Amino acid sequence: MAVGSGINKGLQSAGIGREDLFVTAKLWPGNPAWGDAPKTGAQTIAECDASLARLGLDYVDLYLIHAPYGGDMRVEQWRALLEIQKSGKARSVGVSNFNQQHLDEIKAAGLPMPDANQIELHPWSQKPDLIAYMFKNGIAPIAYSSLVPLSTWRVEEGQDSAKTDEMKADGAAFQDMAAKYNVSEAQLLLRWGVQNGYAVLPKSLNPDRMRQNIDLFSFAIDDADMAQMATMDRGDGVAWASGDPSK
Ligand SMILES: NC(=O)c1ccc[n+]([C@@H]2O[C@H](COP(=O)([O-])OP(=O)(O)OC[C@H]3O[C@@H](n4cnc5c(N)ncnc54)[C@H](OP(=O)(O)O)[C@@H]3O)[C@@H](O)[C@H]2O)c1
């Protein structure tokens, strides 16, 4: 509701049109492991309608299944997203936090593959096999939590950091590289995603950082630094809790 009100105020006061915005919404698919029954196809369509009503929009640019928690309903939920796309309520449809096995289910059902898969991606969680599969199957990677490797991430008193000692030891490397390109650590990490062909969606409440986070095209990370960053992969994500049964 608050997002919808912000979008509509912005459209009225900032002189921009709906086509200037890219709006993504997500289906919460349910999660039987939490006693939360998976959404059926009909419920999936109703959830999208409810999101559109809250946003005050006729369509979203991208509608995603938030996580592969649908179990037996996963493919039915995906069929419903294809229906949503056909009806014009979503320009593109995709998934989030799906691994190759989940994507293969869709392929095995003979259905069109998702336009995108939104996953945790940064130099410490590079998921090379999944990314190769996604590019091969025309699924665009959207990176979230790109800023996890920031030296300032979760360092406040009482914040729980999932960074391993190995990750912490890499921290200075990003600071040194950022200094070499005369950019911030955040810009370096976001540029890494863009340079790999991923969309990035940094979140900030700070207008100066927002400006910094879209200024990613005045520099390029050189091959040697990209190669060094490729060696920093530490496997599974940090923000997306490890040990999840659906992963
Ligand atoms: N699909 C999923 O399951 C999933 C999971 C997690 C996140 N997401 C999505 O991904 C997006 C990113 O969210 P995220 O929480 O993962 O965070 P993120 O963008 O990686 O990091 C956000 C944090 O970084 C700080 N920050 C932002 N720009 C900065 C800069 N230039 N320099 C220093 N610090 C900076 C922000 O603080 P300030 O506000 O103070 O700048 C905030 O604390 C969100 O839209 C979220 O919805 C999706």
Side-chain angles (χ1 to χ4, degrees), residues 2-3 6-7 21-31 34 36 47 51 55 60-70 74 77 81 92-99 102-103 114-127 130 134 139-163 167 171 174-175 177-179 181-194 196 198-219 236-244 246-247:
V3 175
I7 288 175
L21 299 178
F22 191 95
V23 180
T24 303
K26 291 180 190 144
L27 168 78
W28 178 248
N31 184 351
W34 300 345
D36 179 10
E47 288 288 324
S51 283
L55 288 166
V60 287
D61 298 277
L62 179 63
Y63 195 65
L64 302 174
I65 299 177
H66 198 141
Y69 291 154
R74 217 165 16 236
Q77 290 174 353
L81 260 68
S92 299
V93 286
V95 294
S96 180
N97 299 306
F98 273 41
N99 64 25
H102 304 127
L103 294 168
D115 293 316
N117 186 15
Q118 188 183 106
I119 51 178
E120 182 179 342
L121 278 175
H122 45 72
W124 290 338
S125 187
Q126 302 191 26
K127 304 178 171 71
L130 179 58
M134 285 163 53
I139 303 168
I142 302 178
Y144 74 70
S145 296
S146 299
L147 301 180
V148 161
L150 279 181
S151 50
T152 52
W153 191 81
R154 289 198 191 170
V155 290
E156 303 287 323
E157 185 83 25
Q159 283 181 321
D160 173 34
S161 176
K163 286 178 185 171
M167 289 172 179
F174 301 125
Q175 282 172 312
M177 274 183 213
Y181 299 103
N182 202 20
V183 295
S184 69
E185 251 186 297
Q187 285 171 300
L188 179 87
L189 292 166
L190 294 168
R191 175 73 204 188
W192 173 87
V194 168
N196 278 316
Y198 315 150
V200 293
L201 51 149
K203 184 175 71 178
S204 180
L205 297 177
N206 175 317
D208 287 337
R209 287 173 174 171
M210 288 180 194
R211 279 186 210 99
Q212 192 188 104
N213 293 349
I214 55 173
D215 178 12
L216 304 177
F217 300 97
S218 54
F219 72 104
D236 215 356
V238 170
W240 176 248
S242 285
D244 191 295
S246 301
K247 282 174 74 179

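Values below: every heavy atom of this structure, side chains too, minus hydrogens, waters and symmetry copies. Just so it is clear, the model here is predicted, and its values are computed rather than measured. Counting starts at 1 for both ligands and their atoms, following the listed order.
The aromatic rings of Phe219 and Tyr181 lie tilted to each other, with the angle between the two planes from 30° to 60°.
Under 4.0 Å from ligand 1, the heavy atoms of Gln212 that appear belong solely to its side chain. Contact annotation: for Asn213 versus ligand 1, heavy atoms closer than 4.0 Å belong to the side chain alone.
Interface atoms of ligand 1 facing Ala186, defined by a heavy-atom separation under 4.0 Å, are 30 (C), 31 (N), 32 (N). Close contacts of ligand 1 with Leu201, meaning ligand atoms under 4.0 Å from a residue heavy atom, involve 9 (C), 10 (O), 11 (C), 12 (C), 45 (O). Short contacts between ligand 1 and Pro202, defined as distances under 4.0 Å to a heavy atom of the residue, involve ligand atoms 19 (O). In summary, the atoms of ligand 1 found under 4.0 Å from a heavy atom of Ser146, numbered by their order in the structure, are 20 (O).
Taking a 6.0 Å sphere around CG of Asn182, one finds it holds 12 or fewer heavy atoms contributed by other residues, nucleotides or ligands.
In this structure Phe98 satisfies the ring-ring contact (aromatic ring centres under 6.0 Å, His included) test together with His102, sequence neighbours excluded. Scored by the side-chain contact (heavy atoms from CB on, under 4.5 Å) test, Asp215 finds Gln187, Ser218 as partners (sequence neighbours excluded).
Among Asp215, Val148, Leu150, the residue whose heavy atom sits closest to atom 34 (N) of ligand 1 is Leu150.
Side chain to side chain, Thr24 and Lys26 fail the donor-acceptor criterion of an N or O pair below 3.5 Å.
Under a 4.0 Å heavy-atom criterion, His66 is in contact with ligand 1.
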